[in-house]
Every structure is written in structure tokens, then in C-alpha cells.
Amino acid sequence: MPIAPVDKVWMNGELVAWENATVHVLTHALHYGSGVFEGIRCYETPRGPAVFRLREHLQRMERSAKIFMMEIPYSVDELMDATFELIKVNRLRSCYVRPIAYRGYGEMGLNPELNPVDVCIAVWGWGAYLGDDALKHGVRMTVSSWRRHDPNIIPPQAKVTGAYINSSMAKLEAVRSGFDEAIMLNPHGYVSEATGENLFVVKDGELLTPPLAAGPLPGVTRASVMAIAADLGMPVFERLMTRADLYVAEEIFCTGTAAEVTPVREIDSRVIGEPGPITLTLQQKYFDIVKGQDEKYEDWLDYVS
Ligand code: PPE
């Protein structure tokens, strides 16, 4: 999706002009994928712009960095303030927020230790990730021929830039074959997640999602939807599933900051159908919450001012 430029980008504590937010070609992360990042959304609410679960996202970035033995030279609170400042100076009412911490310019070679850790935050307006029609009528997915990486190859709970070549290959394969999105199985053949979203399945009236041990990213939206569903009296069961479990599901939807709650209407030419009642209920509730229309979940909103 095209990026709509704004005025400023936050780079290592400074606000720099959008067009000057560049890096050297010998940046370590460009060669070796040595970065950790987040994807966060800020929504317009009756009390002004609010970032959805900003602290949880930045805490996940810290954990990703810890796995990778990378020390981020800013605290979560400092990065929260930087995010608020950035949204304010760019005068955005809603936007996508992309913090990234990466091994910068210094040395070449696989040991990242001697390279500085650079930290940037960018914001821009981003519409429906899988398209407006996707939110209403659902997407068509395919099970990828590429597997999600094994936890002893790249830990799936770390949101590491280099790991995304796996998602990119699956996405490319799916799109070239005429699908909207790909589902990835883990090395044991169990469903893990989509290329940039977690998955939820309704089967025999029960709401299911793959357990974290099956290799999905511990999604902030996943955790939010699990909490919302439980509050609605619909506990979510974490269960191992095979591709055939998906083919015979009553409803399927995917969750993610970018994709929000997107229904899935078809998998590998097996029709799931138009969005079902559980999907629609959770989708509506999610949008109400992120847009500040549901007081019960106020503490999930970090207000910009
Ligand atoms: N799995 C993967 C692999 C993933 O990248 C994301 C987020 C999720 C699940 C959902 O996580 P959460 O956002 O915390 O609910 N993907 C981000 C990046 C998308 C991109 O194209 O870049 C996102 O949704 O912002």
C-alpha cells in the first residue's frame, strides 16, 4: 500500500524532515535483517487521537530486542512520549505507527555487537490493510507452500525484521496465485498464522485460535480479541489445527493491527462464506473499542494529549 508522507520522522531523539529520514547503504540491518519493529494504530476518538495499546506494543518490541541481545537505548515511557509528540507535530488524527530499532552503520559482518542501535518512529495515514471490501465481505486465503519458521531457527515470538522474508515469500506466492493472503503452517504441519495476522476459527460453535507454541506472533490484537470474546461469554480455546480444520470451519477471521478484524470467506477454494455472526460481533466491538466508543476498555487507549 502506498505511503502518504507526513512532515517529520523521529530518529534517535530528533525530529527530522520526512525526506531526510534516510540511512546509509551499509546499515547492518539492511544486509542482515537485524532489526526489531512494531506496527501500531492511532485512532480518532471523541477525546482526540488515541493509540491502541501503545505500551503493550513497545513492551513486545523490548522483548523482541532482548531475544536478539539488543539493548534499546530508550525506555518504553520515552518511546511513548516520542510517539505522542510525533503524532502531534504531524497533526494527524489517526495513523499507523512504525517504531523500529536496528543495528546501524559501523561494522560489517554477522556479529552485530559493535554496531550502534538506532531507533526511529514513523507515522503515516494507512487505510484498510487488506482493502475496504475485505472488512465487509472477507478475503480469500491459501495455505502457503512455505512453512512458518521453526522456533529454533527464528523465534516466532520476536518481531524481527529479517524474519519477514518468510512472510513476504508466502504473501508473494499467494498474490501471484490470485489470493489475497496466505496462511502458514508450522514445521509440524499445524496452522500458525497468516503472513501478518493471527487467525481465529469457529468450529462446532467454539471459538479457536492456534496456541503460541504453534508459532504465531503473540498478537496484541489476538490478546485483545481473546479478552473481548471472554467478556462476551465466548471463551477462546487455544487449539492445534490442521489445514483441513480450516476448510470445514463455520467462520474464520484474522486479526492484526494493520488488518484489524478481517473476515475470511474462502480458503483454497473451500467456501467459508460471508462473515458470520461471531466474526461480525467481534469486529464491531473491536472498532467500537479502538475508536473510544466503549468505556469498559478505556485503559487500552493511550491518548495523545
Ligand atoms: N502475525 C504476524 C506475522 C504479524 O506481522 C502481525 C502484525 C500479527 C500477527 C498481528 O499482531 P498484532 O498487530 O500485535 O495484533 N503485523 C503488522 C505488520 C504488517 C505489515 O505489513 O508490516 C501489523 O499488523 O501492523
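No hydrogens, no waters, no symmetry mates; every other heavy atom, side chains included, goes into these values. This one's a predicted model, so the numbers in the text were calculated from it and none came from an experiment. Remember, it's 1-based here, ligands and their atoms both numbered in the order they're listed.
Counting heavy atoms closer than 4.0 Å to ligand 1, residue Ile40 contributes nothing at all.
Of all the atoms in ligand 1, the ones that sit under 4.0 Å from a non-hydrogen atom of Val220 are 12 (P), 14 (O), 15 (O). Taking every non-hydrogen atom of Tyr96 and a distance limit under 4.0 Å, the qualifying atoms of ligand 1 come out as 17 (C), 18 (C), 23 (C), 25 (O). In summary, the atoms of ligand 1 found under 4.0 Å from a heavy atom of Ala258, numbered by their order in the structure, are 23 (C), 24 (O), 25 (O). Near Tyr164, meaning under 4.0 Å from one of its heavy atoms, ligand 1 places the atoms 2 (C), 3 (C), 4 (C), 5 (O). Every atom of ligand 1 with a heavy atom of Gly219 under 4.0 Å away is listed here by number and element: 11 (O), 12 (P), 14 (O), 15 (O). Heavy-atom proximity to Asn198, at under 4.0 Å, picks out these atoms of ligand 1: 9 (C), 10 (C).
Each of Val304, Val123, Val290, Leu301 was evaluated against Val51; a single residue qualifies, Val304, per the side-chain contact (heavy atoms from CB on, under 4.5 Å) test.
Looking only at heavy atoms of the protein, atom 3 (C) of ligand 1 is closest to Thr195 O, 3.3 Å. In this structure, atom 13 (O) of ligand 1 lies nearest to the protein heavy atom Thr257 OG1, 2.6 Å. Nearest to atom 15 (O) of ligand 1 among the protein's heavy atoms is Thr221 OG1, 2.5 Å. Of the protein's heavy atoms, Tyr129 OH, 3.4 Å lies nearest to atom 19 (C) of ligand 1.
Remark: ligand 1 and Arg98 share an N or O pair separated by less than 3.5 Å (distance only, no angle test). In terms of polar-atom proximity, defined here as any N/O pair under 3.5 Å, Ser167 makes no such contact with ligand 1. For a threshold of 3.5 Å applied to N or O pairs, the pair formed by Arg148 and ligand 1 contains no separation below that value. Looking at ligand 1, you'll find an N or O of Glu193 within less than 3.5 Å of one of its N or O atoms. The shortest N or O to N or O distance between His57 and ligand 1 is not below 3.5 Å. The shortest N or O to N or O distance between Gly256 and ligand 1 is not under 3.5 Å.
Counting heavy atoms from C-beta outward, Met70 and Pro112 have side chains that stay 4.5 Å or more apart. Side-chain atoms of Asp7 and Arg91, non-hydrogen and from C-beta on, do get closer than 4.5 Å to each other. Side-chain contact between Arg239 and Glu206 is present, with at least one heavy-atom pair separated by less than 4.5 Å. Side-chain contact check for Arg98 versus Phe37: some heavy-atom pair is nearer than 4.5 Å.
Looking only at atom types and distance, the side chain of Glu181 has a donor-acceptor partner in the side chain of Thr195 under 3.5 Å away. Checking Glu173 against Ser145 by side-chain atom types alone, a donor-acceptor pair falls below 3.5 Å.
A cation-pi contact links Arg47 to Tyr303, judged by a cut-off of 6.0 Å to the six-membered ring centre and 45° from its axis.
Note that the NZ atom of Lys66 and the CE atom of Met69 stand 10.5 Å from one another [nearest 0.5 Å]. Taking CD1 from Ile183 and CG from Leu246, the interatomic distance works out to 5.0 Å, rounded to the nearest 0.5 Å.
Looking at Ala170, Gly196, Ser192, Ser168 and measuring to atom 6 (C) of ligand 1, the nearest heavy atom belongs to Gly196. Closest heavy-atom approach to atom 17 (C) of ligand 1 among the candidates Lys171, Glu197, Lys159: Lys159.
Close placement of the Tyr286 and Phe52 rings is indicated, their centers lying within 6.0 Å of each other.
Within a 6.0 Å radius of CH2 in Trp126, more than 12 heavy atoms belonging to other residues, nucleotides or ligands are found.
For the ligand labelled ligand 1, residue Arg60 lies inside the 4.0 Å heavy-atom shell.
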